[in-house]
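First the proteins, then the strands, lettered A, B, ... as listed; each starts at 1.
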Amino acid sequence: MSFFKPNFRHPESPKNTLGLTTRAYEGGISTLCAGCGHDSISAAIMQAVWGLNIEPHRIAKMSGIGCSSKSPNYFLNKAHGFNSVHGRMPSVTTGANVANRELLYIGVSGDGDTASIGMGQFAHVIRRNLNMMYLVENNGCYGLTKGQDSATADAGSKNKKGRINPFESIDLVALALDLGATFVARSFSGDKEQLIPLMQAAMTHKGFALIDIVSPCVTFNNHAGSTKSYDYTRDHVQAGSVVDFVPVAQEITLDQIQGSTQNVELHNGDSVRLSKLSKDYDPTDRGHAIRTLLEHKAQDKLMTGLIYIEPESDNFHDTLNIPKTPLNSLKEDVLCPGKSALTSINEGLR
Amino acid sequence: MSFFKPNFRHPESPKNTLGLTTRAYEGGISTLCAGCGHDSISAAIMQAVWGLNIEPHRIAKMSGIGCSSKSPNYFLNKAHGFNSVHGRMPSVTTGANVANRELLYIGVSGDGDTASIGMGQFAHVIRRNLNMMYLVENNGCYGLTKGQDSATADAGSKNKKGRINPFESIDLVALALDLGATFVARSFSGDKEQLIPLMQAAMTHKGFALIDIVSPCVTFNNHAGSTKSYDYTRDHVQAGSVVDFVPVAQEITLDQIQGSTQNVELHNGDSVRLSKLSKDYDPTDRGHAIRTLLEHKAQDKLMTGLIYIEPESDNFHDTLNIPKTPLNSLKEDVLCPGKSALTSINEGLR
Amino acid sequence: MSPSSTPTTLHAVTNDFVVKFANVNGSGSASANSMFAKAIFRMGIPVSPRNIFPSNIQGAPTWYEVRISDDGYLGRRGGQVELMVSVNPQSMAQDVEDVCPGGYFFYDNTYPLDFKLIRDDIHYIGLPLTQITNSNFDNPRLQQLFKNIIYVGSLAYLIGIEFSALEGIVSDTFAKKPKLIAPNVSALQLGFDEAKKAFSEPLPLQLKRSNKNDRKVLLEGNAACGLGAVFGGATVCAWYPITPSTSVAEGFEKYAKQLRVNADTGENNFAVIQAEDELSAIGMVIGANWNGARSFTATSGPGVSLMQEFLGLAYFAEVPAVLIDVQRTGPSTGMPTRTQQSDILISAYASHGDSKQILLFPATPKECFELTADAFDIADRLQTPVIMLTDLDLGMNEHICDELEWDDSRSYDRGKVLNAQDLEKIERFGRYLDVDGDGIPYRTVAGTHAEKGAFFTRGTSRDEYAVYTEKGEAYQRNMERLEVKWATAPKYLPKAIETRRDEANSLGVIHFGTSLEATHETLDVLSKEGRPANDLRILAFPFGDDVKAFIDKHAQVVIVEQNRDAQLKSLIVNELQIDPNRLHSVLHYNGDPISARQIRIGLEPILNISAGQHAQTAYEAS
Amino acid sequence: MSPSSTPTTLHAVTNDFVVKFANVNGSGSASANSMFAKAIFRMGIPVSPRNIFPSNIQGAPTWYEVRISDDGYLGRRGGQVELMVSVNPQSMAQDVEDVCPGGYFFYDNTYPLDFKLIRDDIHYIGLPLTQITNSNFDNPRLQQLFKNIIYVGSLAYLIGIEFSALEGIVSDTFAKKPKLIAPNVSALQLGFDEAKKAFSEPLPLQLKRSNKNDRKVLLEGNAACGLGAVFGGATVCAWYPITPSTSVAEGFEKYAKQLRVNADTGENNFAVIQAEDELSAIGMVIGANWNGARSFTATSGPGVSLMQEFLGLAYFAEVPAVLIDVQRTGPSTGMPTRTQQSDILISAYASHGDSKQILLFPATPKECFELTADAFDIADRLQTPVIMLTDLDLGMNEHICDELEWDDSRSYDRGKVLNAQDLEKIERFGRYLDVDGDGIPYRTVAGTHAEKGAFFTRGTSRDEYAVYTEKGEAYQRNMERLEVKWATAPKYLPKAIETRRDEANSLGVIHFGTSLEATHETLDVLSKEGRPANDLRILAFPFGDDVKAFIDKHAQVVIVEQNRDAQLKSLIVNELQIDPNRLHSVLHYNGDPISARQIRIGLEPILNISAGQHAQTAYEAS
Ligand SMILES: Cc1ncc(C[n+]2csc(CCOP(=O)(O)OP(=O)(O)O)c2C)c(N)n1
Ligand SMILES: Cc1ncc(C[n+]2csc(CCOP(=O)(O)OP(=O)(O)O)c2C)c(N)n1
Ligand code: SF4
Ligand code: SF4
Ligand SMILES: [Mg+2]
Ligand SMILES: [Mg+2]
């Protein structure tokens, strides 16, 4: 349990235009591991929503199952949330969203929740261009079930048992581009400076907005050669097959300038090469986005930033041609055709 | 019921090196609609397997549910087949394949079976690079449940109720390339000349081989403006809401030269622009394949042919490091460690 | 008329026989056949048509069996038929067998009849349908279509359908394409005239105008469900195509387009979403209901199997949901185009863990309409899924029933939903508190109030305030409250119906859903045999006290079910703590709709044994 | 020793008390605690340790409850404990409450105790664990780890664990990293010495070497299942991670790597596939078994829900499959880290349509091993899925049981599989023909013969020769043959076990799975009370005649279950046609393993009422 509380409790904390401090956007105490990337993302969400001057209760927090999917409980206490079933957050969100188009939907999922059991629903919520922000808190493993490889684990990476993952990882960004997503971004949990504005852009986007967020699992990535001082403990843990030893770790943060490429060392000693898109990158050309992504991949770089946006597209509400008034607020007078309508229907049935 | 029988019943039909005529590769009488593209594909499979000189019983025919998934019953009667459940053929094939790596697995699926309910399993069987030929008999609709749009229906196309499909179609070829498939091809049910060698290449490939085959549904694509002579019937059918009138149609075939682009008129009056890859196209560069596909798409052309192949990749059998001897033929002597092993295990448990 | 020796002639009958059409799937016979049945309906004669169709799109045999019964017996009669209209050479051998001695085999004699098909105890009446059609139409598609209309015209002559009734149907059908009316009427006339030319006199099977169909309508159960959802206030329908449920969603969409489009803006006051599979469909339904919109899905067995996990979530998280299961023959893919009542156990105890679901059992299209509308009230009131178990027979065949009714003074029961003002008054909102002692807690919908009422919905244990906990006591309290709610449920559910009740009768027959008509017919038969019985028709699960009372009252109790495993009996035994030996079963499960004859055969051993002994009877398909 | 007034002193007890550890999840206490239990096991004393852990990775409270019982009672005792080892400030308030009057609260007194936590009826024994650790180790991770070892050392002094037993475990554990042995032993010694320094004498709770564990082993049920699958010849394991079943697949892989790798080639004579979800996992299992390889999956409730459709396919297409369901508290996500026996109904009647599945109920790790191995024979013999219902308590805790046995003369029963020679002899192979009258047909595997034996497997109706048909008769014949097979099944299933049988006893207790130990303890208690009872432990479904016979023999019958809805009782009532009023229930379902005390409380009303009356008893968690 990381007694995770964002550090903006100061009495003179700034207020947004609604007159609310970030305090109004807080959630419950996190029960995730100390240093878990997911907690940084929760903090970023609070900041992003606060900064957008949205009342917390205008948000609905949707998730599947996993450490990541628990996290909606740790931000925006004043918003309703739905921690549904594993891999099926998209469908629950679709129903909720069609029922009330006035709320802002934040879907939080994990890489297991999305790329394995949830692959089908992920593809189809994209295809419908549902108006929501979909966050994948991507740690390349199944945190909550203790560290198995997920489908986004990099090929060649070692899992906690020291076995090399033989499978190519699924790149959710590439997939989303392919499936016609209208907002596609990638970021890193420790990079608030990039993440918060990306979230704000995603929440402002009218349509489906994916942010694939690399979010290191501090607990189940502690197997490979890390700093020397950990060695003895690790040996100990491995030899004794202690299943429940979780060294307390530091959150990985990063703060870099646009356009650069930076090596980020993870807890397992692996590293990712994050590369921020340069200012002159044009995110409105899907073909260009796919090609740029391919180039980055060829250089083993993880491209971060707003990769693609299609500002004017029909989202699912438009497709369905539903009214501006939320369906859930329509009353009997509008919904029920009543006796007279039935009389003429009866006539047609003779 | 199309009393579909391939026309190679001639007494002097040619024999393959096993001394078998194509007759030995036949299946049951098709119960698909006359003119259904799926029947042409069945015929191509028989020819392809015959041409590869494979004994029919060395094949396993796997499918999900749908008109397409019924079709394995209409070829290779001497092979075992498994018409499983909707969308889940990949997992059943994976299990079967791991159990006996010596057979050749032909998976037949539909676009509903693959791109809707089966999306997750499709993605993951690709990721595992299972050694099989996976055919999608792609008609852009749900044939067996009477013509609803599938996820591969083109955006803007009219469905049988005259409604425009608002969603972008899912391009299974693009998806497969993205997900790391090691053999990706597209073809057309009526183009035997292209299809048969593609199937032979796919069956020879050691790894996952996808052929996305455009296979027109003659029955549920009869809604839009077709030839004049059909008008009266269609009016009649629509006005009377006759749900079960299926005009007998001709199979659409085509025979074109390499490198050309050809317009193929479908039964619904729509057409597809098929474009065969030219001889000098290099199918071994994934990036190039993705880019070429994007270009074709931009020109509204459907690229056909062998789009990508990675001849030397580890398939799932290699990954699992299982023996050449099929697992299903290992006997008790190899499988059961026996009493003595248990004795030492007991020792370790005290 | 008969090609061989002369068989006996049937006694002349009026308004009481069965006509069966043997067609080729995809040949357009459906609308012609349905015109035939509808004309009889309009003549005021009780008629019950049933499709027996293959899981195939074109070319396979398909049948249409029409029972005509002035007594109003709408169940399947079963057995051989008086008149077979044979338009499919493929199935001719079987079709000949299906004619009763003295009955008529009407066929296309353009081509000679296979001598192997000739029985000497039935009448063969041939008309060169193909030849007639071909010489009147050139276009092969029109030939195929009009051949069907022509034989209907011939039947009008042969069994006395009022020609004006047929004409009326043609003009109604083509009201929007009037140019099609004349050619259709001519085709009917052609058939009529040719038959008259060929056969000097009509058959002894005759139709005569009656008055049994006043205030009745003829419609399919699935369409009625769709309409019921419109009236019940459903706004979100999420579904995945599957036979035989597809026409529920289609029906909803059709009626919603008619009745729910905002005339000013053209906007839809409803949404129909074709999901990517059933897991997604039920997920959407749960999401929409969680957010306060009435939402439902329709599926069949395989879909119900796939929805299990989500149904458990909705039970435990207490989210309303309406699921219409149009049952087909199971298990696995089963026979997708045949009927059965065999998803009872999987629905009642859906999901892993301890869970129980509300079930509704409609028997007529009218009940499909009413119970669907009710289902939304029940789901909202009880905050739990409601599963309506209908079946292919009810859903995909047209049935006569009383005209549909709606009471405009009725208003939706949205159950215990708190709005902003309510929340203001509450100190601390407890999502899972049993405030009223009925086990039903209060709920809120997202966005209701800026400060109060928000909670985190989950499928895991939490306390009364929706706060996560893994405490065993909290878990157990919650599970016990769910039991209290379960005990409350019957109060909001339709009561079982006793149609015949005579204290003197020792035999009680329990039935549900589409066994209704056949059971009532059987009870008439029993009455005539001097062995009258009472009956109770169950409309909902959990059962009310009435079910137990009915069982207690009768020395012998029989449950009629259209499944192999006596699934409703299991529910009765488990939930009411009834000795299974007290309950006999008549089980029918070959995929055909059940008939009175079959029930009567099934009752045989029970009628012959003393009360208290157990018998479970299955019999061959007839 | 106690910071406040002097509480009563416990009577000195030897080998009969409960020690509970309160730890922080993720702090590495598990191996230290397990060392504690194992040392007691090695001292020949019956011991039963149980984890009570959260659905969380780090930081939440977790407990380890160790019952020591020279009488060999291995069930959970329940109630308060004699000794609480408190190493988690978070849960201290609750932990103080859990100590019995006169009992001991051992805690880290580096920091002062909150005065609110002070009870005057228990003993507080403090040792500055943090201080000791910190002054002996610099590295914070090592501090965290060794603190656990240190308190084990202290307990060695306080309750008399043989130090050599602990040393032995350390050297076994670190056999491959010998340099770790010395520091661990020193840490133990440190704890021992510090305790000795602080407390002049050990506690009145003492351990004394005994001899009860000869030919016994200590292992987890899940590992035993994995091992059983290796011995049973499984070659393909397809699974998806889910608590509490994950360690079944891990166990299989571990043992297979040890015992099934070809020494010459390094190739694996097995395959473990982590599927993308449970639908895929069971699909793979069905595909592999269809192709003649023994294959299984392991999952928990949510997975069983997702597997319903495929289970129906396997039932209907008659494909063997083995599914190990390690049950957790349901429904929905439920409490993933708590135990229950509540997936019985969904497993027994898995899938829509009429279908029934074979169930196995192991109660000990040894049975996990044996029944898993047997499951493959049963599945092959009956050509149908076999679902083994174990649970978290059995699967994820170490239990003492008899050492594992294997009879080398035993050979796999592959059932009725035809090879090429067999096929040569057959005129026409009929996949679904009931040749032997036992309802079990013959099958073939792909590739067997060039000309014969191929067929098309499907979930839809077909005739005896696997030819597609939609004929009602063929469908019904097939469904009836499946019933014949069902009736054959008990012949191949393990019989129920009567451990106590005295014709004079009128009370019979039926139980299954992990209620075994608590039930036997209860029977001892009843005996002592002069109300002896018999018991029957069910190992499989469908039940054999023995179950009915047992019920008939007893005036009062009680079924002990760890679920709310009396799910096994439902199966007994339905399948054996037993009057439910004949059967009483003791139900426990708060997520904790059941204890003898709870069963005794649950029996109270039954012991006080006359036979024949019904009682269903649930009680508060203790
Ligand atoms: C149907 C089902 N299968 C399996 C599980 C067990 N399970 C819980 S969380 C999880 C994986 C979570 O991984 P991910 O989505 O990557 O989240 P993370 O914990 O890594 O943030 C699994 C498999 C489940 N709850 N439900
Ligand atoms: C679980 C489940 N849901 C739905 C169905 C109904 N169903 C049968 S075939 C089919 C669609 C088939 O479409 P496709 O795969 O494109 O095959 P086609 O008939 O077009 O060849 C559906 C939805 C089913 N059999 N099982
Ligand atoms: S296990 Fe990994 S993903 Fe889960 S809370 Fe801990 S660090 Fe985060
Ligand atoms: S409905 Fe379409 S896909 Fe199915 S058999 Fe007919 S033509 Fe082929
Ligand atoms: Mg993850
Ligand atoms: Mg299709």
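D/Leu482 is listed as a side-chain neighbour of C/Arg564, based on a closest heavy-atom distance under 4.5 Å. Here the side chains of D/Pro580 and C/Val573 are in contact, with some heavy-atom distance below 4.5 Å.
For the pair D/Pro302 and C/Glu309, the tightest heavy-atom approach, listed with the atom from each and the gap, is CB-OE2, 3.7 Å. Closest of all the heavy-atom pairs between C/Thr460 and D/Pro336 is CG2-CD, 4.4 Å. Closest non-hydrogen pair, C/Gly330 versus D/Tyr475, comes out as O-OH, 2.5 Å. Residue C/Pro331 comes nearest to D/Ser351 through the heavy atom pair CB-OG, 4.0 Å, listed as atom of the first residue, atom of the second, then distance.
Using a 4.5 Å cut-off between heavy atoms, D/Leu345 touches chain C through its side chain atoms alone. If you measure heavy-atom distances from D/Ser55 to chain C, the contacts under 4.5 Å come from both the backbone and the side chain. For D/Gln567, the part sitting under 4.5 Å from any heavy atom of chain C is the side chain, from C-beta outward, and nothing else. Contacts between D/Glu470 and chain C at a heavy-atom distance below 4.5 Å involve backbone atoms as well as side-chain atoms. Using a 4.5 Å cut-off between heavy atoms, D/Tyr468 contacts chain C through its side chain alone, with no backbone atom that close. Looking at D/Asn563, both its backbone and its side chain come within 4.5 Å of chain C, counting heavy atoms on both sides. For chain C, no part of D/Glu278 is nearby; none of its heavy atoms comes within less than 4.5 Å. Interface remark: C/Gln340 contributes side-chain atoms only to the contact with chain D (heavy atom separation under 4.5 Å). Only the backbone of D/Ile578 has a heavy atom closer than 4.5 Å to any heavy atom of chain C.
Panel note: side chain C/Ser305, backbone D/His352; a donor-acceptor pair is recorded below 3.5 Å.
Exactly one residue among C/Gln476, C/Lys471, C/Glu473, C/Arg477 makes a side chain to side chain contact (heavy atoms under 4.5 Å, CB included) with D/Asn590. That residue is C/Gln476. When C/Met479, C/Lys356, C/Glu575 are each tested for a side chain to side chain contact (heavy atoms under 4.5 Å, CB included) with D/Asp565, only one passes: C/Lys356.
Taking CD from D/Gln341 and CG from C/Asp354, the interatomic distance works out to 11.0 Å, rounded to the nearest 0.5 Å.
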